Amino acid sequence: MGRVLSALQPSGFLHIGNYLGMIEPVLILQEQHENFIFIVDYHAITVPQDPKKLREQILFALAVYLASGIDPQKTTIFQQSAIPQHTELGWILNCVASMGELERMTQFKDKSRNKGEQVSVGLFDYPVLMAADILLYDTNIVPVGEDQKQHVELTRNIAQRFNQRFGTTFTLPKPEIRTHGARIMGLDHPEKKMSKSAENPKNYISLLDDESAIQQKIMSAVTDSGKEIIYDQNSPGLANLMTIYSLITQKTFEQIQEEFEGKGYGDFKKQLAQALIIFLHPLQEKIHLYLKNEDELKRILHEGSLRAQDIAEKKMKQIRKKIGVTL
Ligand code: ADP
Ligand code: TRP
């Protein structure tokens, strides 16, 4: 039984890509491993956040975890900022990570593009805090979407370097990336991943989208000019819609092809929209129920943070000794 750890940023809303790429894999792993899942509020402030909204977003992210079936009895759920050891280890790892390796991170390049000198130091340093998140708990497996693979690889490099310099201290984590669904593409631009920061809401299906929004977004999703419903990576728009349909209905691509034999894109899109509505409806109801009970949400976070704190402080004691600051 290894340790599984993952996290989400509380940055507004969550989309179906976040659910299929990260939350669902965590649900599957939750049954066989010791699990940690948390809300990375200190990662979220690497871009400006309205403090009042941030608080709501943290509670929302937790409600999504719980509504999805992440069980606080099986999984330690907490808020990153409640465990100061994350930022403490982040600082130490800053002194092990190199500028060169951080400069190669594609997410930083994407997120800082056109922002010039205004970009925060935190955005640049974000992967080092993520490495601290992972290494603090001797994590074996990190379920993430494809875009985070590079950050987990960086974490391994930092851990290896630290282990060489100070003696074996950290477990080397592995990213767990599902074969289909690790990179759900934007509905309006199927060559780029579905993203919270997309300007056009037609890029994504939010977990809270209502029936008519889902129908409109799916019907206007970009597809190529083909006719048949056949999975082909050279038709990225259709392949993406088929991937979503396959994951939420648990049908294989062959089954989907059979289901829509002789039918066109319009029929398929209608059916996909309907399947998404059916899939999201119970999730939305549960999210709203959890959000009504703020005290319960805070209690769950508090209990999780007590468990996490215990493990994190034990690890920090070892680390402080290794680097020579414990007198
Ligand atoms: P975003 O990039 O939309 O802001 P986050 O960075 O908060 O989302 O990602 C949260 C989790 O969801 C991460 O594990 C990430 O890899 C995963 N994820 C994000 N976008 C997608 C996507 N389009 N397809 C699959 N997984 C995704
Ligand atoms: N960087 C991740 C994202 O944007 C979130 C994250 C922070 C994370 N710390 C982590 C994911 C540790 C997995 C493990 O999605």
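Counting from 1, the numbers follow the sequence of the chain as shown. Every number for a ligand or one of its atoms is a count from 1 in the order of the listing. Because the structure is a prediction, the values reported are computed rather than measured.
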Peer 1: Would you check if the side chain of N18 reaches a backbone N or O of H15 as a donor-acceptor pair within less than 3.5 Å?
Peer 2: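 At least one qualifying donor-acceptor pair exists.
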
Peer 1: Tell me whether the rings of F268 and F260 are parallel (<30°), tilted (30 to 60°) or perpendicular (>60°).
Peer 2: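 Plane angle over 60°, so perpendicular.
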
Peer 1: From the options K196, Q9, R178, K192, select the one whose nearest heavy atom is closest to atom 7 (O) of ligand 1.
Peer 2: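 Shortest heavy-atom distance from atom 7 (O) of ligand 1: K196.
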
Peer 1: Please determine whether any non-hydrogen atom of S195 lies less than 4.0 Å from an atom of ligand 1.
Peer 2: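 Per 4.0 Å heavy-atom rule, S195 contacts ligand 1.
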
Peer 1: Contact residues of ligand 2 with a heavy-atom cut-off of under 4.0 Å?
Peer 2: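 The answer is L5, S6, A7, Q9, V40, H43, Y126, M130, D133, I134, V142, V144, Q148, counting any residue whose heavy atom sits under 4.0 Å from ligand 2.
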
Peer 1: If you measure from each heavy atom of M185 to ligand 1, is any distance below 4.0 Å?
Peer 2: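 The answer is no, since M185 has no heavy atom less than 4.0 Å from ligand 1.
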
Peer 1: Does only the side chain of A182 get under 4.0 Å from ligand 1, or the backbone, or both, or neither? Count heavy atoms.
Peer 2: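 Contact part for A182 vs ligand 1: backbone (N, CA, C, O).
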
Peer 1: Could you pull out, from H151, K149, M22, Q148, the option with a heavy atom nearest to atom 6 (O) of ligand 1?
Peer 2: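 It is Q148 that holds the nearest heavy atom.
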
Peer 1: Identify the closest protein heavy atom to atom 16 (O) of ligand 1: which residue and atom is it, and at what distance?
Peer 2: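 Scanning the protein heavy atoms, the shortest distance from atom 16 (O) of ligand 1 goes to D147 OD1, 2.5 Å.
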
Peer 1: Tell me the contacting part of L8 for ligand 1: side chain, backbone, both, or neither, using a 4.0 Å heavy-atom threshold, strictly below.
Peer 2: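 L8 to ligand 1: side-chain contact only, backbone stays beyond 4.0 Å.
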
Peer 1: Counting non-hydrogen protein atoms only, what is the nearest one to atom 2 (O) of ligand 1? Give residue, atom name and distance.
Peer 2: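 That would be K193 NZ, 2.4 Å.
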
Peer 1: Can you confirm, on distance only, whether ligand 1 has an N/O atom lying under 3.5 Å from any N/O atom belonging to K111?
Peer 2: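 No, no N or O pair falls under 3.5 Å.
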
Peer 1: So that I can tick it off, tell me whether D110 and R113 are bridged by a salt bridge, with the cut-off set at under 4.0 angstrom between side-chain N and carboxylate O.
Peer 2: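 Salt bridge present between R113 and D110.
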
Peer 1: Do M130 and I141 sit in the same hydrophobic cluster, where Ile, Leu, Val, Met, Phe, Trp and Tyr count as joined when their side-chain heavy atoms come under 4.5 Å apart?
Peer 2: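 Each belongs to a different hydrophobic cluster.
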
Peer 1: Would you say A7 touches ligand 1, if touching means a heavy atom closer than 4.0 Å?
Peer 2: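 Outside the 4.0 Å threshold, so no.
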
